[in-house]
Amino acid sequence: MIGPMRRVQIRRGAYVDSVALMQVSKQVGALEGVTAALVAMATDLNVELATQMGFQVSETGANHMLIAVEADTDEAHEAALAEVDAALNESSLPSSPGSDLEPAPALLGAAARRLPRDQTAVALVSTPGDHAFVDAIDALDAGLHTMLFSDNVSIEQEVSLKEYADPSGLLVMGPDCGTAVIGGVGLGFANVVRPGPVGIVAASGTGAQQLMCLLDACGVGISHCLGVGGRDLSEPVAGRSTRRALELLAQDEATELIVVVSKPPAPGVARAIRGHAASVADSHGVPVMFALLGPGEPDLTASARQVVEATGATWAEPRHWQSRRAPSAARRAGGSLRGLFTGGTLRDEARLIATERLGPIGTDLADTAHTMVDLGDDEFTRGRPHPMVDASSRTDLLLAQIDEPRTSVLLLDVVLGLAADPDPAASLVGPVGTATEQGVPVVVSLVGSRDDPQGLERQAAALADAGARVHLSNAEATRKAVDLVEGAS
C-alpha cells in the first residue's frame with residue numbers, strides 16, 4: 001500500500017502575514033485526504049519545521065511562501081492548493097505568481113507613496129523578525145506610524161526604532177504588538193467594540209482586549225487602542241512608545257479619557273510614566289488613568305469599573321454562566337490548580353490573584369503544584385498555530401492535565417475577536433466534557449464583545465453545556481477557580 005504523498009510548492013514574491021497563513025494552514029489541514037499541511041513564509045524556523053514534518057525543502061528565502069502538503073491522493077493535493085488560493089483570494093491577499101496585476105512594490109515606503117498622503121497614516125509590519133527592523137525603518141522614513149506585529153525583534157532594535165521615530169513624532173507600536181484599534185478598525189487580535197471616548201495605551205494584548213470588552217459591556221466605547229508592545233514598560237525600553245501614544249491620544253478630538261494598561265511593568269518606568277501622564281493631562285486637559293498589573297494593584301476588572309464610572313456610565317457586574325452539566329464522578333480534592341492560557345497578560349493577572357490565596361504559582365506543566373502557563377509562548381507555538389488562532393492546538397495538553405491525578409481544577413481563557421479561532425468552543429467542549437465526567441471542574445475566562453464574529457452568547461452556552469463555569473471577567477474566573485481548589489462550590 002502506498003503511503004501519503006508529500007509535496008512542496010514555493011511561491012516567490014507572495015508575502016502574506018503570519019496570522020493569515022496560520023488560518024490557511026488550519027483550513028487546508030482539515031480537508032478530506034489531507035494528513036498534514038503547512039502554509040507559511042519560508043523563514044529558517046518554518047523550513048526547519050517542514051523538514052521535521054518529513055518534507056524536502058530547498059532554494060527558499062524568507063520572502064517566499066512555503067506550501068507543504070501531505071495527502072493521500074493527487075486529487076487531495078489539488079484540492080489543497082485550490083483551498084490555499086481560495087483562502088488567500090478571499091482575504092484579498094496575493095496567492096500565486098504570474099498574476100496580471102501590477103507587481104507590488106518591493107518596499108513598504110514605496111507602497112505608501114503610491115497612495116494619497118491623507119489616506120495613509122499607519123503601516124502594519126508582519127514580516128519575519130530578521131527583516132522587520134528594516135521594513136519598520138522604511139515605514140518611518142515614509143512618515144508612517146508603524147505597528148510591528150512581528151516578533152523575534154531584539155530589544156536593542158526595539159529601542160533603536162523608537163529612538164529613530166521620536167524626532168518625527170511617530171509612534172512605533174510593538175514589536176510583537178498583537179492588538180490595536182485605530183479609528184474603529186481592528187488590527188491583529190482585536191475585538192469588535194463600539195466607538196466612544198476612551199483611548200487606550202496598551203503594553204499588553206489580551207489585557208487590552210479584556211479592558212475593551214468590559215467597557216463595551218457597560219456601553220462605553222473606544223476611540224483608539226494603541227498597542228505599544230509588551231516590553232515597552234521594561235527598563236531597557238523605558239516607556240518610549242507609551243509616552244508618544246499618550247501625547248497622540250491627548251491631541252485626539254475623539255478621546256476624552258486615556259487608560260494605560262500593562263502587564264507588570266518595571267517599577268521605576270511605571271513611576272516615570274505616571275509623571276509624564278500627569279504632565280500630558282495638565283497640558284491637554286485629558287485625564288489619564290492606569291491599569292498596571294502588579295502586587296497590590298487593582299485587577300483589570302476593578303480598573304474597568306473605575307474607567308466606566310469616570311465616564312459617567314453605570315457599572316454592570318460582568319456576566320457569568322453556571323455549569324449546565326452535573327459531574328459524573330466525585331470532585332477531586334486536595335490537588336492543584338492548572339491554568340492553560342492563550343493570553344500572557346490574562347495568565348499574569350490570574351497568577352497575581354491566585355498567589356494571594358494559594359501561595360506560589362509555577363509556570364511549568366511538569367510541576368505537580370499549582371501552575372499557570374501561557375500557551376502563546378514560543379515554547380508551545382513552535383510548529384503549531386497560536387492557540388488564539390486554533391483553539392484545538394491545546395486539546396492534547398488539556399486532556400493530559402485531566403489525566404494527571406493531581407489536577408483538581410482547570411482554568412482556561414477563551415479569547416474571541418478578529419483573527420481568532422472562528423469557533424473556539426467547538427474544540428474545547430470535548431475536553432471540558434471529559435473533565436466534568438472525571439470530577440475536574442473547569443472554569444473559563446471568556447474575553448469577548450457582543451459583536452465579535454464568533455458569537456459571545458453561543459460560545460458561552462456551548463462551554464456551559466459541556467460543564468464549564470464561564471466568566472466574562474478573568475479576575476472573577478480566577479477567584480472562582482481558587483474557591484473550587486479550596487473546597488467551596
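Only this structure's heavy atoms are used, side chains among them; waters, hydrogens and symmetry mates stay out. Here, residue 1 is the first one in the sequence, and each next residue gets the next number.
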- Task: To the nearest 0.5 Å, tell me how far Thr301 OG1 sits from Leu214 CG.
- Result: 5.0 Å
- Assess whether side chain to side chain contact (heavy atoms under 4.5 Å, CB included) is satisfied between Asp348 and Phe341, documenting all intermediate values. CA-CA 10 Å; Asp348 290 346; Phe341 285 83; over 6 Å; no
- Please work out which of the three classes, parallel, tilted or perpendicular, describes the rings of His471 and His320, given edges at 30° and 60°. parallel
- Item | Side-chain (Ser408) to main-chain (Ser336) donor-acceptor, under 3.5 angstrom | yes
- Task: Apply the test salt bridge (Lys or Arg N to Asp or Glu O under 4.0 Å) to residues Asp423 and Arg458: give CA-CA distance (whole Å), side-chain angles for both, the deciding distance (0.1 Å), then the verdict.
- Result: CA-CA 9 Å; Asp423 188 9; Arg458 183 169 64 87; 3.5 Å; yes
- Message: Quick one, Asp74 and Met5 - any side-chain contact, counting heavy atoms below 4.5 Å?
- Response: yes
- Query: When you measure from the side chain of Ser449 to the backbone N and O of Val192, does any donor-acceptor pair fall under 3.5 Å?
  - Reply: yes
- Do the side chain of Asn191 and the main chain of Met212 share a donor and acceptor less than 3.5 angstrom apart? no
- Taking atom types as modelled, find out whether Gln438 and Arg332 have a side-chain donor-acceptor pair closer than 3.5 angstrom. yes
- Examine distances only and state if a side-chain atom of Thr179 and a backbone atom of Ala190 form a donor-acceptor pair shorter than 3.5 Å. no
- Show your working on side chain to side chain contact (heavy atoms under 4.5 Å, CB included) between Leu352 and Glu297 and close with a plain yes or no. CA-CA 10 Å; Leu352 286 164; Glu297 297 290 341; over 6 Å; no
- Separation of Gln401 CD from Thr407 OG1 (nearest 0.5 Å): 5.0 Å
- Query: Is Met53 close to Glu70 at the side-chain level, that is, under 4.5 Å between some pair of heavy atoms?
  - Reply: no
- Applying the side chain to side chain donor-acceptor pair (under 3.5 Å) test to Ser445, which of Thr206, Thr478, Asn474 qualifies? Asn474
- What's the shortest heavy-atom distance between Cys218 and Thr314, and which atoms? CB-O, 3.9 Å
- Of the non-hydrogen atoms in Ala435 and Ile402, which two are nearest, and what is the gap between them? CB-CD1, 3.7 Å
- Task: Please report the shortest heavy-atom distance between Ala132 and Val153, naming the atom on each side.
- Result: CB-CG2, 3.9 Å
- Query: Do Thr371 and Arg338 have a side chain donor and acceptor closer than 3.5 Å?
  - Reply: yes
- Is the backbone of His77 close enough, under 3.5 Å, to the side chain of Arg7 for a donor and an acceptor to pair up by distance? no
- Query: Hey, is the main chain of Gly417 close enough, under 3.5 Å, to the side chain of Gln454 for a donor-acceptor pair?
  - Reply: yes
- Query: How long is the gap from CG on Leu215 to CH2 on Trp315, to the nearest 0.5 Å?
  - Reply: 7.5 Å
- Compare all side-chain heavy atoms of Ile182 with those of His224 and state whether any distance is below 4.5 angstrom. yes
- Item | Verdict with supporting geometry, Ser234 and Ile155, side chain to side chain contact (heavy atoms under 4.5 Å, CB included) | CA-CA 10 Å; Ser234 66; Ile155 199 161; 4.1 Å; yes
- CZ of Arg394 to CG of Leu340: how many Å apart, nearest 0.5 Å? 7.0 Å
- Message: Under a 3.5 Å distance rule, please check whether Thr311 uses its side chain to pair with a backbone N or O of Val308 as donor and acceptor.
- Response: yes
- Message: Do Leu398 and Val442 make a side-chain contact, defined as non-hydrogen atoms from C-beta onward lying under 4.5 Å apart?
- Response: no
- Query: Hey, is the main chain of Leu300 close enough, under 3.5 Å, to the side chain of Glu349 for a donor-acceptor pair?
  - Reply: yes
- For Val444, which of Leu411, Val414, Leu410 qualifies under side-chain contact (heavy atoms from CB on, under 4.5 Å)? Val414
- Is there a donor-acceptor pair closer than 3.5 Å between any side-chain N or O of Asp232 and the backbone N or O of Ser241? yes
- Note on the structure: In short, Leu337 meets Ala481 closest at the heavy-atom pair CD1-CB, 3.9 Å
- Message: Looking at every non-hydrogen atom in both residues, tell me the closest pair between Asp374 and Arg347 and how far apart they are.
- Response: N-NH1, 3.5 Å
- Roughly how far apart are Gln209 CD and Leu346 CG, rounded to 0.5 Å? 8.0 Å
- Sidechain N-carboxylate O distance under 4.0 Å for Glu317, Arg305: yes
- Query: Does some side-chain heavy atom of Gln459 sit less than 4.5 Å from a side-chain heavy atom of Asp452?
  - Reply: no
- Query: Side chains of Asp413 and Val447: does their closest heavy-atom pair fall under 4.5 Å?
  - Reply: no
- Message: With a 4.0 Å cut-off on N to O distance, would you call Asp299 and Arg479 a salt bridge?
- Response: yes
- Task: To the nearest 0.5 Å, tell me how far Met173 CE sits from Leu124 CG.
- Result: 8.5 Å
- Task: Decide yes or no for Leu293 and Pro264: does some side-chain heavy atom of the first lie under 4.5 Å from some side-chain heavy atom of the second?
- Result: yes
- Item | Nearest heavy-atom neighbours spanning Thr436 and Arg325 | CG2-O, 3.9 Å
- Query: Are the side chain of Gln210 and the backbone N or O of Leu446 linked by a donor-acceptor pair below 3.5 Å?
  - Reply: no
- Message: Walk me through whether Cys177 and Leu148 qualify under side chain to side chain contact (heavy atoms under 4.5 Å, CB included).
- Response: CA-CA 6 Å; Cys177 176; Leu148 268 167; 5.7 Å; no
- Message: Could you tell me if the side chain of Thr146 sits less than 4.5 Å from the side chain of Val122, heavy atoms only?
- Response: no
